[in-house]
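Inspection log for the structure reproduced underneath, given as structure tokens.
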Amino acid sequence: MELWFTEEHTKDVRFSIRVERQLVSVKSRYQEIAVFDTKEFGKVLALDGYVMLTEKDEFIYHEMITHVPMAVNPDVRNVLIIGAGDGGTVRELTRYKTIEHIDMVEIDEEVVNVCKEYLTKTSCELNDERLNIYYEDGLKYVRRKNNEYDLIIVDSTDPFGPGEGLFTKEFYGNCYQALNEKGILINQHESPYYEDDAASMVRAHKNIESVFEYSFVYQFHMPTYPSGHWLFGFASKKYDPVKDLQQDAWNKLGITTGYYNTELHKGAFALPNYVKELLNEQ
Ligand code: AG3
């Protein structure tokens, strides 16, 4: 019997992966969590039917969400991550010996439990001694923080369901407060391609832009996400991610990567014209 997982990318477009075996499917307080094994992409994590990661392409996402800000400020010591229960972002951050402290705020403890059991490629560093995990709503957590972090990474789901609040102006304003004067905010910024995703990404950009002195968007290729064309946001109080790139310092660290490099870093901020138009930056 053939078994297929299908995600609806739009009302008229579907993306399917042939499944060898479903490994787990649980309903938490917040969402349905499923992991299945596939030939093409290895293990796949889906939340409420949306692909969050696959073992084959997660390195692209997790390298781009981590090494871009770290190459702009290699002196980051204190980091806050919102979401990220699969551990991929933590895994990349723990490669920096200079990082002293990581707070991770994940709303759904069940995601961490499932990933620890089934997705060890991403969850492998969730026991790092520099890491503290808080199981609560990131939106509420940042309200209490002031001038504390060098870097905040918002590694969220799409802007509906449990992740919805993480795309609001109120949330970005609280992140601004929680960051120190050198602080950088990186956020999961959706895709510019299909209409609904593009509308979410424009909204997110407007909200961030109204809060931060510097706000940019950068792109990467994500084969299993809708359209394959995905964005992260880079916002800060003082850094231009291309002009302030610490190319030599980062390359001296000798961190081996499968996707990220400092040449690609510069190119990732060069956006296609239709994306610039959406962002009103033509
Ligand atoms: N964050 C989810 C990105 C959005 C995927 N959207 C979709 N498939 N419709 C991934 C978290 C990885 N740490």
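Note that ligands are numbered from 1 as they come in the structure, with each ligand's atoms numbered from 1 the same way.
Salt bridge Arg29/Glu110: absent, no basic N to carboxylate O contact under 4.0 Å. A salt bridge is absent between Glu8 and Lys11; no separation between the charged side-chain nitrogens and carboxylate oxygens falls under 4.0 Å. By the 4.0 Å N-to-carboxylate-O rule, Arg77 lies close enough to Glu100 to be salt-bridged with it.
His67 and Glu63 form no side-chain donor-acceptor contact under 3.5 Å, judged by distance and modelled atom types alone. Of the N and O atoms on the side chains of Asp158 and Ser200, not one donor lies less than 3.5 Å from an acceptor on the other residue.
For atom 9 (N) of ligand 1, the closest non-hydrogen atom on the protein side is Glu7 OE2, 2.8 Å. Ranking protein heavy atoms by distance to atom 4 (C) of ligand 1, first place goes to Asp158 OD1, 3.5 Å. Considering only non-hydrogen protein atoms, atom 1 (N) of ligand 1 sits nearest to Ser156 O, 2.9 Å. Closest protein heavy atom to atom 8 (N) of ligand 1: Val51 O, 2.8 Å.
Within the structure, ring pair (Phe, Tyr, Trp, His ring centres under 6.0 Å) contacts touching residues 14-56 (residues at least two apart or in different chains) are Phe5-Phe36, His9-Phe15, Tyr50-Phe160.
Polar contact check, Thr157 against ligand 1: no nitrogen or oxygen pair lies under 3.5 Å apart. Not one N or O of Gln188 is nearer than 3.5 Å to an N or O of ligand 1, by distance alone. Geometrically, ligand 1 and Pro226 share no nitrogen or oxygen pair separated by less than 3.5 Å. At a 3.5 angstrom cut-off on N or O pairs, Glu190 does not count as close to ligand 1. Polar contact check, Asp155 against ligand 1: a nitrogen or oxygen pair lies under 3.5 Å apart.
If you look at Trp230 next to ligand 1, the close heavy atoms, those under 4.0 Å, all belong to the side chain. Only the side chain of His62 comes within 4.0 Å of ligand 1, counting heavy atoms alone; its backbone N, CA, C and O stay farther away. At a heavy-atom distance under 4.0 Å, no atom of His9 approaches ligand 1. Contacts of Leu53 with ligand 1, taken as heavy-atom pairs under 4.0 Å, are absent altogether.
Between Val79 and Val76 the shortest heavy-atom distance is CG2-CG1, 3.5 Å. Nearest heavy-atom pair across Pro69 and Met64 is CD-O, 4.4 Å. Closest of all the heavy-atom pairs between Leu126 and Val112 is CD1-CG1, 4.2 Å.
Which parts of ligand 1 touch Tyr50 is read off a 4.0 Å heavy-atom cut-off, strictly below it: atoms 9 (N).
In this structure the side chain of Val35 reaches within 4.5 angstrom of the side chain of Leu119, judged on heavy atoms.
The residue among Asp86, Asp48, Thr224, Thr89 with a heavy atom at the shortest distance from atom 13 (N) of ligand 1 is Asp86.
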